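Read through the structure below, which is laid out as structure tokens, and then see the notes.
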Amino acid sequence: MSADFPTYAPSEEHELLRSSVRELAEAKIAPFAAEVDEESRFPQEALDALVAGDLHAVHVPESYGGAGADALATVVVIEEVARVCASSSLIPAVNKLGTVPVLLAGSEGLKERFLGPVARGEAMFSYALSEAEAGSDAAGMKTRAVREGDGWVLNGTKMWITNAGVSRFYTVMAVTDPSAGARGISAFVVDSEQDAGVSFGPKERKLGIKGSPTRQVVLEGVRVPADRMIGAEGTGFKTALATLDHTRITIAAQALGIAQGALDFAVGYVKQRRQFGKAIADFQGVQFMLADMAMRLEGARQLTYHAAVKSERAMAGERVPDLTFVSSACKALASDVAMDVTTDAVQLLGGYGYTRDFPVERMMRDAKITQIYEGTNQIQRMVMARQLLK
Ligand code: CAA
């Protein structure tokens, strides 16, 4: 195969990156994963370790002070962190989600001002699209931005915002023209430290990803200068959806990592656990379960890597007509696989799997969110079908 043959297979550099992230994740993140879940606390140890290893926001281009990792490398980082702690994997994943609108549509000034602090690990960046009554129907949002003098004044409440409170910056989608539907939505950068009127609701009490705070972002008369608008007025909804075309792939990566963590643990367990005078790994019924888990996981991984390479090409300016399809496809497939694989891992551990003495029940609870956020898997299927039928 010639060196420039187009391929989505990870390169030697990607595999070296995987080994180094795995080492860091096992040494510095895994030891706190159970405690972070148990106490529903932010994984500060993970943030510190990721920042020290320059792995907290690898996707930020070098021109803005970042590591300049490609989309596949970003997937590998998220996968390896999620393999030990799903909550911690939301640090690189949400930093990407919050900043992609700026990367895709922001002015040079916005990029220079807001990407540097994220690249340096001084600030995190979240994405605020959803509202209490506008989840799947994101365009039904009510948050308003009204022009006043040389700026905009934002009022409204965003809901389900991942890493709210720990992130300093937010991409906020708000209605600038209520008569124009989705074409009347604009995107803004809000700086919760500089812009008066930003507050956060209480932490949601969730089934999983308990280490990552999910809170409302409340905007009360938040005045931002006009140059904080991302792209042109009325393009915010398109930017929001174009962003998800890139970042649903990172949720797939998270799902793959969670599933791999559960599979690895289950493989180790069945070789140790003895019943009827032999290791349960010797039973064909157990072997078939493991084979199915690994087979489906590898299939989802290959689709995710394929999508990541398409994302990278699109980021570089190439027209990639099927990015929307593959992004939704890998997110839906990987998250469905992760739910099945983690549930089977609990099954393989039997009663022990159902206790908090083993990590697989946490992984099963964490996997569930990947079928829900960044668009439910029902929405992903709707997006895929629209692409097929258009
Ligand atoms: N890229 C760019 N533009 C796009 C696009 C894409 N992928 N898909 C659609 N558009 C454009 C359309 O062309 C249309 O523009 P025009 O009017 O100029 O033609 C406009 O956007 C509106 O599109 P639709 O008419 O298709 O919009 P819709 O209201 O019917 O619904 C939807 C679209 C797919 C259902 C969308 O609302 C959706 O994805 N909903 C799910 C919301 C979601 O994923 N939320 C995730 C929140 S973030 C999160 O969860 C993060 C976290 O915690 C980690």
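Counting starts at 1 for both ligands and their atoms, following the listed order. All values reported here derive from a predicted model rather than from experimental measurement. Hydrogens, waters and symmetry mates are skipped; everything else that's a heavy atom, side chains included, is used.
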Would you say [atom] has a protein heavy atom nearer than 4.0 Å?
atom: atom 32 (C) of ligand 1; result: no
atom: atom 53 (O) of ligand 1; result: yes
atom: atom 12 (C) of ligand 1; result: no

In the protein, which heavy atom is nearest to [atom], and how far is it?
atom: atom 41 (C) of ligand 1; result: Ser136 O, 3.4 Å
atom: atom 47 (C) of ligand 1; result: Ser130 OG, 3.5 Å
atom: atom 19 (O) of ligand 1; result: Arg183 NH2, 3.6 Å
atom: atom 7 (N) of ligand 1; result: Asp245 OD2, 3.0 Å
atom: atom 8 (N) of ligand 1; result: Leu241 CD1, 3.4 Å
atom: atom 14 (C) of ligand 1; result: Lys238 CE, 4.3 Å

Between [X] and ligand 1, which part of the residue brings a heavy atom under 4.0 Å of the ligand: side chain, backbone, both or neither?
X: Arg248; value: side chain
X: Thr376; value: neither
X: Thr214; value: neither
X: Ile161; value: neither

- Are the ring centres of Phe188 and Trp152 closer than 6.0 Å? yes
- Is the Phe114 to Tyr170 ring centre distance short of 6.0 Å? no
- Task: Would you please test Glu38 and Arg356 for side-chain contact (heavy atoms from CB on, under 4.5 Å) and show each step?
- Result: CA-CA 9 Å; Glu38 195 81 34; Arg356 293 194 200 171; 2.6 Å; yes
- Same apolar cluster: Val383 and Val326, side chain cutoff 4.5 Å: no
